[in-house]
Amino acid sequence: MNIFRFAGDMTHLLSIIVLLLKINATKSCAGVSLKTQELYLLVFVTRYLDLLYSYISLYNTFMKLFFICSSGCVIWYIREHKTVSQTYDSAQDTFRVLFLACPCMILALTVNHDFTVTEVLWTFSIYLEAVAILPQLVLLQRTKNVDTLTGNYVFLLGGYRALYLLNWIYRILTEPGYRQWIVWISGTIQTAIYCDFFYYYIKSWRNNERLSLPS
Amino acid sequence: AGRGRVKDEL
């Protein structure tokens, strides 16, 4: 474990806490894409299958369980909560997630480290996580004024992956033989997708104005 | 890489 990876995990944890706080405090999920949340739950469930058969550390197990439960909780809020579910704008959240999930599954079946069920599903989760934020970014472009907490949520999500990039560079420099091409390439693409959001987020923050993404 | 590679990252 290095500081970059720990900071990345904490940023990821914080992003989900910010999202849960926003939904719970405002009793509203306006601007939040249910599709992205469902994709994240699929990412966590397919990636953390090793919870069933291998133990790495208490930290590792706790964080995996937290990510699965918290994303499930967000989805419950948006789908079932009597007040919050009224604020979900399904007419705007229309990204065709199958256009993301199917190519990722086909790619996972062809490009992977091992052709076993758990390895293919794990690889699928790596590819899917790279594109899972797209429905959320599309929704932000459509809903003109993005509320601050939702903007912070997306910014923290991008920050977590950027910190993981630093973690991989650090591990390449300090751990001879450490190679994870699938994770590195997928993670770099994932961080690149955030770049234009980062640009508008920082610009709005510096000009002290509401964040709005150009459609 | 390959079978049994420890996936210690989240």
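We name chains A, B, ... by the order of the sequence lines, and we start the count at 1 in each one.
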Contacting moiety of A:Phe44, where chain B heavy atoms sit under 4.5 Å: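 No part of it gets close to chain B.
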Engaged part of A:Asn167 at the chain B interface, taking heavy atoms whose separation is under 4.5 Å: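 Just the side chain, heavy atoms under 4.5 Å.
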Over all atoms of both residues, closest heavy-atom pair of B:Asp8 and A:Asn60: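 Here B:Asp8 and A:Asn60 meet closest at O-ND2, 3.1 Å.
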Nearest atoms (heavy-atom pairs only) where B:Leu10 meets A:Tyr164: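 Minimum heavy-atom separation between B:Leu10 and A:Tyr164: N-OH, 3.4 Å.
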Contact check, side chains of A:Glu119 and B:Lys7, non-hydrogen atoms, under 4.5 Å: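 In contact.
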Is it the case that over 12 heavy atoms from other parts of the model lie below 6.0 angstrom from the [atom1] atom of [X]?
X	atom1	result
A:Tyr199	OH	no
A:Tyr53	OH	yes
A:Trp205	CH2	no
A:Phe99	CZ	no
A:Tyr170	OH	no

Euclidean distance, B:Glu9 CD relative to A:Ile56 CD1, rounded to 0.5 Å: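 Reported value, rounded in 0.5 Å steps: 10.0 Å.
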